[in-house]
Amino acid sequence: MTTTTKQPVLDAFSCPVPTSQHKEVLLAHGGGGRLTQDIIQQIFLPEFQNNILKPLHDGAMFSIRGTRFAFSTDSYVVNPIFFPGGDIGSLAVHGTINDLAMCGATPLYISVAVILEEGFSLDSLRRIAASIGEAARNAGVLVVTGDTKVVDRGKGDQIFINTSGIGIVAQSCNISPQRARAGDKILVSGKIGMHGIAIMSVREDVGFTCGVRSDSAPLHGLVADLLREDPTLHVLRDPTRGGVAAALNEIALSAHLGIALNEDEIPVSEEVLSACEILGFDPLYLANEGRLLAFVSPAHAVGVLRKMQNHPLGRDAAIIGEAVSDHPGLVVMKTSIGGERIVDMPSGEQLPRIC
Amino acid sequence: MIYLDEYRDPQAVRRMAEMIARAATKPWTIMEICGGQTHTIVKYGLEALLPRSLTLVHGPGCPVCVTPIDLIDRAVALAGTPGVILASYGDMLRVPGSRHDLRTMKARGGDVRIVYSPLDALALARKHPDRQVVFFAVGFETTAPANAMAVREARRTGVSNFSILCSHVLVPPAVRAILSAPGTKVQGFLAAGHVCTITGYEEYLPIAAEFRVPIVVTGFEPLDILDGVYRTVRQLELGTHRVENQYSRAVLPAGNRAARVLLSEVFAITDRSWRGIGMLRSSGYRLADDYAAFDAERRFSFPAPEPPEDSPCIAGLVLQGRTKPHECPAFGLRCTPDRPLGAPMVSSEGACAAYYHYRSYQPSPTFAEQNR
């Protein structure tokens, strides 16, 4: 190999003008990170402003004649529709139940609307309907209304599902991101990143063999236990799309607090870590569908942790950090080798159509 | 995880940092070539463990970053060509071209597929015999053997609708260019371990001798990097300029012979333009004449190149280790991973992206403002 060379041309700093404002929707707009926030803040919020929407919580909370309700909606476009540990049907039930649970609500009723692509297998549809039914029964909620639409072949991708849900919130309960306080301990209910890796392992374009199953599960039972232990619990959040990193960044921004994490305390399975090493992902950014983050006052932290660990969905729970008054709006992590780094809001998507 | 955990062991890392502190009696400037190494340094906060007298500067080893804008524009043009599937590593999708990036072309209906391997792109070509499948083959010597394999397989099995848009660059000419640049501050190099896994390190022997710089072939884990720094500092203090192999668990002096045979069969050395650095003689690969039929630049015609535009991006200075990312006035303000001015802000190996994602928590005032 020859390596003779002239002087490099040092004035050739040719970098282009940016594509500053996007003119069309990019896949990254659905990633749950900054671009998703852009769409919400710049396009939707100005048109819909009202006080119930304003907190931008997982679900809306309001009172009717003295009864407090939580109401939430979510759409499911996961690809593939069947994956280790679940399918698009059970995911659609669990996801909406969890959005309600993160308001501290007891979920009661859900709606199921499906958009089907012409040519989609009816056997698969039966499997998904059965899965929706089973997930709802196991969670103690009723599917009380629904809708079915079909689009031309090629205009959808097999099946998309929207679920909405309604639940009742106890009068004593006051959960919202703004209630985080400096000194609060941050708990996670189990090992993170499993849904993300489970989906990736069966994706046509990635596909690898691993034993990781999605953590998809309804969390309202666990939440009820936690609220019995500490009715003043400050914040609950399920770290779905965008993972723990996005959820904590959102809370840090809305509560104007800093968050200090301890990498050594964050529960991650060996399989998930290995898959992340190979694929270049960070477990903090991977989607979860059966985990919650809780902000708890220091006095209650150990009690709440124990309650979590006694629940089947919280066995691997851990205290992973705390809210601090330093560096408001930023999530900072002490790394396992003793350095410190910022855990940024995800930009774009690690992998599209994860839920 | 075996082969990982032991190279991230906090106690071993601390011990190595102490050894460096004892060894370094003068100020030294060391460049890590590879963007993967830059990410380890910034992600784990390794600079904080080093004595202040040591400066680590970040090199041009980010293939996405040095891919010239003309080639990005060609990829964008192919993505907008009916009947073409453009397959690319995910990193390339957000890199700004003159007018558009690939993800915008995808949103506009271009068939852009993210693949993890050129062999996946070849499989796409087999699956869609009525379409042209072009793989955007960027990278250093590390990714070249897989691309060579895909092209050879395409020829062997007669997959005629497959081609590559080739933007391969080579590390040693870049090292020479950096050392020959007037006023260079770099006194020692951490060479990229994975590149040397393929090429070995014999090519670096004449460079170390000619420019009288120590070059240490270094891995990618925190302990690897600190070990590489330690070995470089020890040589600098002694005034020696040898090539050392820190990454001996993967690198042999002559590299991977099978891969090198494959490379010399499928590719030929050519001059390449490096984004932000300029034209370097004999600094890249093109397809060898026997494989020219698989060269997308011959198979398709392209619009005339865009005239170069003024930009506030100083990627060239960053890629040569002359400026650190956060010293750029646009950093974190006008230039972010969502709205990049240049490639180093979007590539997973880009120095600007490393500084942005893993910035330490004492932000500059402008930065703190941006994040409130």
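Throughout, a chain's letter reflects where its sequence line sits, starting with A, and its residues are numbered from 1.
Of the two parts of L124(B), neither the backbone nor the side chain holds a non-hydrogen atom closer than 4.5 Å to a non-hydrogen atom of chain A. Both the backbone and the side chain of K43(B) come within less than 4.5 Å of a heavy atom of chain A.
Between D38(A) and R339(B), at least one side-chain N (NZ, or NE/NH1/NH2) sits under 4.0 Å from a carboxylate O, which counts as a salt bridge. A salt bridge links E277(A) with R8(B); the closest basic N to acidic carboxylate O contact falls under 4.0 Å.
Among P206(B), S264(B), P10(B), P337(B), the residue making the largest number of heavy-atom pairs under 4.5 Å with chain A is P10(B). In terms of heavy-atom pairs under 4.5 angstrom with chain B, the leader among S274(A), G258(A), A252(A) is S274(A).
Considering NZ of K23(A) and CZ of R108(B), their distance stands at 7.0 Å, rounded to 0.5 Å. T336(B) contributes atom OG1, which lies 12.5 Å from atom CE of M345(A) (distance to the nearest 0.5 angstrom). Distance check, rounded to the nearest 0.5 Å: CG of D344(A) to NE2 of H357(B) gives 6.5 Å.
The nearest pair of heavy atoms linking A107(B) to L26(A) is CB-CD2, 3.7 Å. Among all heavy-atom pairs drawn from Y116(B) and L279(A), the shortest one is CE2-CD2, 4.0 Å.
No side-chain heavy atom of L27(A) sits less than 4.5 Å from a side-chain heavy atom of R103(B). Between I337(A) and L46(B) there is a side-chain heavy-atom pair separated by less than 4.5 Å.
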